[in-house]
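Worksheet: one structure, shown below.
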Amino acid sequence: MKEVKLFIVDDHYMIIEGITSLMQHEPDIHIIGHAQNAQSCMAFLQRMQPDVIFLDINLPDKSGIDVCKDIKKSYPAIKIIALSTFNQNSYIQNMLENGANGYLLKNATKEEMLDAIATVLKHKQYLAKEVAESIKENDDKKPVLTRREKEILKLIAEGLTSNDIGKLLFISPTTVDTHRKHILEKFKVNNTPILINTATQLEII
């Protein structure tokens, strides 16, 4: 592996120091700098671009999710590995959807960090084991809906009646009710409020 330029963005200096200490004897890793907020991160990138960024999700001046999107828009070649204490599916999905190439937890070992760097540089996605399990667990709970069922679920969540939905989608209210019944069965719930709450928790709507 050629020398990799690594940049660390985290508002906790102890994390920066910890990563620096772990990586200082790695001949292929060169830490070119660090930032403790979004503003100084973007200012640094105007002067120099790393190969890989370890990016904290929680920054004091801006969400790391938004920073990830900003970096990818301006510097698409930079590989971004999210660094977080959060293992919730919403954080993971938001980072990945905004361009993150990998997701590490802050309890990662040096070997995991090196593996993450090597993986994203091969243009592959890296997920820490606990992160991959969290995504799988969430996906296992999600019912599989057809495109039409997803459309109808979204409109139900917006408070539309079967008549309203029928007019919008150019289908009969009876057909809407049939779809509604199938959606309730797939979610294993028996009323609309519970359906909407469950779909929201599973991040389907």
Side-chain angles (χ1 to χ4, degrees), residues 4-20 22-23 29 31-109 112-113 115-117 119-121 123-139 141-142 150 154 157-158 196-205:
V4 177
K5 293 179 288 184
L6 176 65
F7 185 63
I8 306 164
V9 184
D10 197 291
D11 63 330
H12 291 100
Y13 197 69
M14 195 162 64
I15 297 291
I16 294 168
E17 282 286 283
I19 296 171
T20 303
L22 286 171
M23 296 293 171
I29 306 293
I31 297 176
I32 62 170
H34 66 265
Q36 292 183 272
N37 57 54
Q39 186 178 358
S40 57
C41 166
M42 298 310 289
F44 181 91
L45 295 180
Q46 287 177 356
R47 302 191 306 272
M48 188 184 300
Q49 286 87 58
D51 299 304
V52 178
I53 294 177
F54 280 164
L55 176 62
D56 186 15
I57 286 183
N58 263 359
L59 294 172
D61 55 342
K62 194 171 187 178
S63 162
I65 294 165
D66 292 330
V67 177
C68 182
K69 187 177 182 180
D70 292 344
I71 294 170
K72 279 294 182 177
K73 185 178 178 183
S74 300
Y75 312 99
I78 295 176
K79 304 297 183 187
I80 298 175
I81 298 172
L83 199 59
S84 179
T85 53
F86 299 114
N87 197 19
Q88 288 98 321
N89 199 60
S90 57
Y91 287 105
I92 300 164
Q93 293 293 355
N94 279 331
M95 281 301 285
L96 297 178
E97 285 168 11
N98 280 285
N101 305 95
Y103 198 105
L104 272 175
L105 297 178
K106 287 190 179 180
N107 62 0
T109 63
E112 285 176 311
M113 291 182 192
D115 190 20
I117 291 168
T119 300
V120 300
L121 287 174
H123 309 290
K124 295 178 182 176
Q125 186 182 79
Y126 180 90
L127 299 176
K129 186 181 175 186
E130 301 99 310
V131 171
E133 285 171 357
S134 174
I135 290 176
K136 184 177 184 303
E137 184 182 321
N138 195 270
D139 285 343
K141 292 176 186 173
K142 285 184 180 179
K150 285 178 184 174
K154 185 173 179 293
E158 289 173 7
I196 293 168
N197 185 48
T198 305
T200 302
Q201 286 183 351
L202 292 174
E203 298 167 13
I204 294 172
I205 54 173

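The residues of the chain are indexed from 1 along the displayed sequence.
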Nearest-0.5 Å distance, CD1 of residue Ile205 to CD1 of residue Ile196:
6.0 Å

Report yes if some heavy atom in the side chain of Asp115 is under 4.5 Å from a heavy atom in the side chain of Tyr126; otherwise report no.
yes

How long is the span from the NE2 atom in His123 to the CG atom in Leu121, to the nearest 0.5 Å?
8.0 Å

Measuring from atom CG of Leu83 to atom CG of Leu105, what distance do you get when rounded to the nearest 0.5 angstrom?
8.5 Å

With sequence neighbours excluded, residues passing side-chain hydrogen bond (donor to acceptor under 3.5 Å, both in side chains) with Lys62
Asp70

Give a yes or no on this: more than 12 heavy atoms of other residues, nucleotides or ligands lie within 6.0 Å of atom CD of Glu130.
yes

Gap between atom CZ of Phe7 and atom CD1 of Ile80 - 0.5 Å precision:
11.5 Å

Using the rule side chain to side chain contact (heavy atoms under 4.5 Å, CB included), only one of Leu104, Ile15, Ile16, Ile31 pairs with Phe54; which is it?
Leu104

For residues 43-51, which side-chain donor-acceptor pairs fall under 3.5 Å, sequence neighbours excluded?
| unit_1 | atom_1 | unit_2 | atom_2 | d |
| --- | --- | --- | --- | --- |
| Gln49 | NE2 | Leu45 | O | 2.3 |
| Asp51 | OD2 | Lys5 | N | 2.7 |

To the nearest 0.5 Å, atom CD1 of Ile204 lies from atom NZ of Lys150 at 8.5 Å

Would you indicate whether the side-chain heavy atoms of Leu59 and Val67 approach each other to under 4.5 Å?
yes

Evaluate Asn94 against Lys69 for side chain to side chain donor-acceptor pair (under 3.5 Å), listing each step before the verdict.
CA-CA 10 Å; Asn94 279 331; Lys69 187 177 182 180; over 6 Å; no

Rounded at 0.5 Å granularity, tell me how far CE in Met95 sits from CG in Asn101.
9.5 Å

According to side-chain hydrogen bond (donor to acceptor under 3.5 Å, both in side chains), who are the partners of Asn37, at least two apart in sequence or on a separate chain?
Ser40

